[in-house]
Amino acid sequence: MFASMRSRVRAWITIGAGTVAAILAANLLGAFGALPEPEIPVFAAGQEIETGQWRVTPLRAFVTDQRIYDAPIREGQKALVLEVEMTNRTAASTTDYFTLFKHGLPVGEESETPFVMLTRDPSMTPELHPAMKERVAFVWALPESATSPGEIPFSVNTKTYKPIDNLYGVPGWYNEQELGRLVIPVSEASG
Amino acid sequence: MSAGAAVSTGAAEIGQSERRWRRRSLWALLILLPATLALGSYTPVKWLFAAKDLFPRDVEPGSTVRFGGSDWKLEAMLTTKDTGSVKLPENAVPVFVDFSVTIGDPDLQKLWTGCRITLADAAGRSWLPTSLPILRYSDDWSDCNSATFSGAAAGATLKIREAFVVPKDAIPTIEPTLGLGSERPYYLRFLRARD
Amino acid sequence: MIGHRLANLAILGLAAAICYGMQTSKPHYADLTGPIPVRGGMGDDVKARLFQLRVDKVEFAKILAVSEFGKDRTLTTGGIWAIVTVELAATNSTTTVSEATWQGPTGLGYRETERLAMVSGLPPFTVEPGLPARGRFVFEVPPSEISGATLLVSNERAFALDSQARITLDGLRLKPDGTPEMVADIYDMDEPIQ
């Protein structure tokens, strides 16, 4: 087939192949990584954030050593609390919110996963239903000795929706990535 | 013979042999397809048999049977009018089934896995032990699960009692059944005394 | 010769079209192993594989009142509480029914509430054959998802190729705007199931 094409076409294909190979090699070697990174959006308290699964409005953040919303914080720990109003934008009740906010403080693995409390009852790990706005508190257990900065840039994470996944063909939310940063002042509250 | 004729008869022979092999292959499919299915489903069928009580072995009333490495005897199947503080619905009747087991092989945790005692009636319905607290606690009797983990030694006799709640209309035909992990898919069915 | 070539091309094209059609119309794994629906309406005896279900009534309330460990508690919601009273029976052997979802008219799924942990008469239900039992499923739903809703009930949350009862909630008394006529201010969950 290649032999029957006219020589001009052949020449173009040969040149093109070389160019494509050059670009691929450059990509693999990281040339495109050296481009300037796109800007990470920054959110503020009171601003509505759409992450795909959730529509979240952060309200306030504070650190306390009192019992807050019945969260199981142990002795020798203090609680970093982020209160938000959030709405489930998916089609079914879900509890997939544990990685929505990450505080990024260097306080160890145990403090990475928050306790998520529904402030109404209060109850832990509530199942949030579609199209129903609820006031929720994310409570991280920090060691007593951790210093709380005046402002914490929480990273807001999102997942992309796949209507058919590769394994079971069911819809789901995958591939977590950072959507932006929430810069919020953290006050010292006594409860 | 000219060269052309030789070629044509050679071609005809090859044609015949091709046709013959094609026919043989098609017939072979008739054997290969079921064989593949059987080979592929061998493992799942084995698992199915190991997980369910499928084939009953009848036990005459009053006799002792070797099952799961130990000797089982159905002592009694009783009902009672007193259910303590638990209120049962209108047509529900409590039934207690008592076994006495003489331990043969003491490796109960391996032989008695998934111990399943049920009551089955003639219509094909079956009842699992109830979670209602109608069984009064007693040192003499334990349920099958506790007996499996009791660490009893060979030669010891254990008393096992399970409580069920069944509808009144099932009482005439219910029979206790016993299924143990090591004996599946076979299970014991204790026949009622013919009176 | 030309006719031959055209016929060949036509058959090739047809074969390609058939293959493409088969590939795109192949059901996905989720559909092949999905729930097998058993449909019915309110008041019908819906027979799934292991259990039988009949929806007796659906009541609505703004607040639920429960008493746990001697303490009285009220549960509020941003929407409306829907309390579905059902009668359950087992078909052949003792079985557990633990999963119920309120599916709104647009397909949004509201799972049975987990906020009522210590109350009796709520799932998971253990049902025995010949002994039907009454129970309640409680959901919190927005008022817009009530008219045209369906109740989905199954033995477990994750199941394959098992039956799922789908009951159209057609017997609800609703106002013209789709919200329920009767919404109680407080519903006492400790009252025995009527």
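This structure is a prediction, so every number in the text was calculated from the model and none was measured. To find a chain, count down the sequence lines: A is the first, B the second, and so on, and within it residues start at 1.
Among residues two or more places apart in sequence or in another chain, the salt bridge (charged side-chain N to carboxylate O under 4.0 Å, His left out) test is passed with Arg20(B) by none.
Residue Tyr186(B) places its OH atom among 12 or fewer non-hydrogen atoms of other residues, nucleotides or ligands, all under 6.0 Å distant.
Within the 4.5 angstrom heavy-atom criterion, no atom of Ala170(B) approaches chain C. Contacts between Val166(B) and chain C at a heavy-atom distance below 4.5 Å involve the backbone alone (N, CA, C, O).
Residue Ala92(B) comes nearest to Leu131(C) through the heavy atom pair CB-CD2, 3.6 Å, listed as atom of the first residue, atom of the second, then distance.
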Chain C against chain B: donor-acceptor pairs under 3.5 Å:
residue   : atom : partner   : partner atom : Å
Ser126(B) : N    : Asn92(C)  : O            : 2.7
Ser126(B) : O    : Thr94(C)  : N            : 3.3
Trp127(B) : NE1  : Pro129(C) : O            : 2.8
Leu128(B) : N    : Thr94(C)  : OG1          : 2.7

